[in-house]
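Bear in mind that the values here come from a model prediction, so they are computed numbers and not experimental data.
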Amino acid sequence: QVHLVESGGDSVQAGGSLRLVCAASGSTSGIAYMGWFRQAPGKQREGVALIYTSGGTTFYADSVLGRFTISQDNAKSTVYLQMNDLKPEDTAIYYCAANLGFTFTSLWIGSRWVDFREWGQGTQVTVSS
C-alpha cells in the first residue's frame with residue numbers, strides 16, 4: 001500500500017508561481033510512475049503531469065506544457081510540481097497519484113492514457129485574476 005500526502009497549495013495572483021510537494025510512504029519501491037491530476041468544481045478530472053521513477057521521463061498536458069515542471073527525489077520518495085505563470089483556469093484541487101493501490105482512474109496525459117491506482121487528499125490551488 002502506498003500513502004500519498006500533498007502540500008504547497010495556496011492562493012496566488014495570475015502570473016504567480018507555486019510548488020506542490022507530494023510525499024510518498026509505504027511500499028514505494030514498487031512505484032513505476034507518479035503524476036498529478038486536478039479537478040475544478042463541476043469539472044472532470046484532468047491529467048496534468050507524469051514522471052517515470054526510473055529514468056525520469058516526463059509528460060505533460062497541453063494546457064500546462066511550458067509552464068509546469070514535474071520532478072522527483074527518489075531518495076526522499078517525493079515528487080514536485082513547479083507551477084509558473086499560473087492562470088485563473090489553473091484553479092483546482094491538485095492530487096498526487098501513483099500506479100500502486102486499490103482505487104482506479106485513467107487520465108489522458110501527454111498523448112497517452114495513464115492508469116493511477118492511488119492518490120492523496122489533494123491540495124487547493126486558487127489563482128485570481
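A pairwise comparison of heavy atoms in S129 and A14 identifies CA-CB, 4.3 Å as the closest pair. Considering every non-hydrogen atom in both F116 and G35, the closest pair reads CE2-N, 3.8 Å. In terms of heavy atoms, N84 sits closest to S17 at OD1-OG, 3.0 Å. Contact detail for M34 and A98: the closest heavy-atom pair is CG-CB, 4.1 Å.
Using a 4.5 Å cut-off between side-chain heavy atoms of Ile, Leu, Val, Met, Phe, Trp and Tyr, with links allowed through other members, V64 and L50 fall into different hydrophobic clusters. V48 and L107 end up in different hydrophobic clusters when Ile, Leu, Val, Met, Phe, Trp and Tyr side chains are linked at under 4.5 Å. Placement of W119 and Y33 within a single hydrophobic cluster is found when ILVMFWY residues are connected by side-chain heavy-atom separations under 4.5 Å, directly or transitively. V79 and L20 fall within the same hydrophobic cluster, where Ile, Leu, Val, Met, Phe, Trp and Tyr residues are linked whenever their side-chain heavy atoms come under 4.5 Å apart, directly or through other members. Residues M83 and Y60 are members of one and the same hydrophobic cluster, defined by side-chain heavy-atom contacts under 4.5 angstrom among Ile, Leu, Val, Met, Phe, Trp and Tyr.
Taking the side chain to side chain contact (heavy atoms under 4.5 Å, CB included) definition, one finds that R19 meets it with V21, Y80, Q82, sequence neighbours left out. T126 meets the side-chain hydrogen bond (donor to acceptor under 3.5 Å, both in side chains) test with Q124; sequence neighbours excluded. Taking the side chain to side chain contact (heavy atoms under 4.5 Å, CB included) definition, one finds that T57 meets it with Y52, F59, sequence neighbours left out. Contacts of E46 classified as side chain to side chain contact (heavy atoms under 4.5 Å, CB included), with partners at least two apart in sequence or in another chain: R38, S63.
The CD atom of Q72 lies 11.0 Å from the SG atom of C22; values are rounded to the nearest 0.5 Å. A distance of 9.0 Å separates CD1 of I93 from OG1 of T123, quoted to the nearest 0.5 Å.
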Side-chain donor/acceptor pairs under 3.5 Å, residues 4-12, sequence neighbours excluded:
residue, atom, partner, partner atom, Å
E6, OE1, Q121, N, 3.2
E6, OE1, G122, N, 2.9
E6, OE2, C96, N, 2.8
E6, OE2, G120, N, 3.3
E6, OE2, G122, N, 3.3

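Counting heavy atoms of neighbouring residues, nucleotides and ligands inside a 6.0 Å radius, atom CD of Q44 does not exceed 12 of them.
Under the 6.0 Å cut-off for aromatic ring centres, W36 and Y95 do not qualify, their centroids lying 6.0 Å or more apart.
Distance alone, capped at 3.5 Å, places no donor-acceptor pair between the D85 side chain and the G15 backbone. A donor-acceptor pair is defined here as one N or O able to donate and one able to accept, closer than 3.5 Å; such a pair exists between the side chain of T53 and the backbone of I31. For the pair S29 (side chain) and S27 (backbone), a donor-acceptor distance under 3.5 Å is absent. Judged by distance alone, the side chain of T91 and the main-chain N or O of V127 form a donor-acceptor pair under 3.5 Å.
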(request) Go through H3 and E118 one step at a time and tell me if the side-chain contact (heavy atoms from CB on, under 4.5 Å) criterion holds. (result) CA-CA 8 Å; H3 185 56; E118 187 65 48; 6.0 Å; no
(request) Test side-chain contact (heavy atoms from CB on, under 4.5 Å) on L18 and V125 and set out the steps. (result) CA-CA 9 Å; L18 284 174; V125 172; 3.9 Å; yes
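Sorted by first and then second residue, the pairs that involve residues 108-117 and meet side chain to side chain donor-acceptor pair (under 3.5 Å), not counting sequence neighbours, are S106-D115.
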